[in-house]
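Notes to accompany the following structure.
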Amino acid sequence: MNSRAIGVFDSGIGGLTVYKAIKKKMPGEKVIYLGDTAHLPYGTKSPETITKFSEENSKFLIGKGVKIVVIACNSSSSYAVSHLQKILDIPVLGVIDPGAEAAVENGEKEIGVIGTSATISSGAYEKSIMEKDPDAKITSQDCPLFVPLVEEGWIDHKITDLVIQEYLLPLKKQGIKTLVLGCTHYPVLKDAISRVLGSGITLIDSAEVMAERTNSILKKLGWLKAQESSNGEDEFYVTDFPERFKKVGEIFLKRKIDKVEMISL
Ligand code: DGL
């Protein structure tokens, strides 16, 4: 047993999808969450900048005494995981490998990957999928309008449905059978995406996969806590707009967030 907290960071609020999945899977674990809202979005930034921000986020969490750093952000995971694994002396988990593994485990060769422009241009998902299944046929698509639509709260909205059609119908035409939702914000659009794509395409929710993987790493290390609920203990930090994070976060989590603290990195 290791009673220290799980550290989760994201560029902003979207990583609460991973927070939520972790709390569902391991309700007894304390989570310290950092949203780097001052620098959002990461998905349009350069690899160097994303890596620099990711390092600062991780160091903040380590300063808080976390036992593992979970990178909820796909754009960070695309560029910064191996760097962080080299310089930090606690486990660091990125979202790409678990997501790629889940996609391959779905058993179909035709795989679609969607993400921010940073994630898609990194080729990180393709590389990881091809390592696991060299026969996979991958079609990738960046969907830069999805993040602002989710941030705006346009989840069930005709404009969002149109944007989804524009980005994803070509992937459907290509015959994909599995679609990796390679961005923190996309699981929020899961129902709308399913509506547009219809049945027959499996959606891989990277948030759920991350929670599974975090659980198995902690279990292997013997670091899991007893799993009774501990929402009250969790800590939330942001680098800008704490009130907005609290307001939107509460709607998102469907529960109160006691306190969101603003920090500078
Ligand atoms: N968290 C980012 C990701 O998963 C999406 C938001 C952003 O661009 O910062 O790629």
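We number each residue from 1, following the sequence as shown. None of the values given here were measured: they were computed from a predicted structure. Numbering of ligands and ligand atoms starts at 1, following listing order.
Less than 6.0 angstrom separates the ring centroid of His39 from the ring centroid of Phe53. Taking the six-membered ring wherever Trp is involved, the centroid distance between the rings of Tyr33 and Tyr237 does not fall below 6.0 Å. Aromatic ring centres of Phe60 and Phe9: separated by at least 6.0 Å.
In terms of protein heavy-atom proximity, atom 10 (O) of ligand 1 is nearest to Ser75 OG, 2.6 Å. With hydrogens left out, the protein atom closest to atom 8 (O) of ligand 1 is Gly43 N, 2.8 Å, a heavy atom. Considering only non-hydrogen protein atoms, atom 6 (C) of ligand 1 sits nearest to Ser11 OG, 3.5 Å.
Contacts between Thr116 and ligand 1 below 4.0 angstrom, taking non-hydrogen atoms only, involve the side chain exclusively.
At least one heavy atom of Cys183 sits closer than 4.0 Å to an atom of ligand 1.
The main-chain N or O of Ala211 is never found under 3.5 Å from a side-chain atom of Asn215 such that the two would form a donor-acceptor pair. A donor-acceptor contact shorter than 3.5 Å links the side chain of Lys246 to the backbone of Ile257.
The ligand atoms of ligand 1 that sit less than 4.0 angstrom from a heavy atom of Tyr42 are 7 (C), 8 (O), 9 (O). Counting atoms of ligand 1 from 1 in the listed order, those under 4.0 Å from a heavy atom of Leu40 are 9 (O).
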Inset, instruction - Would you please test Tyr167 and Phe146 for ring pair (Phe, Tyr, Trp, His ring centres under 6.0 Å) and show each step? - result: CA-CA 10 Å; Tyr167 284 137; Phe146 283 0; 5.2 Å; yes
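At a 3.5 angstrom cut-off on N or O pairs, Asp10 counts as close to ligand 1.
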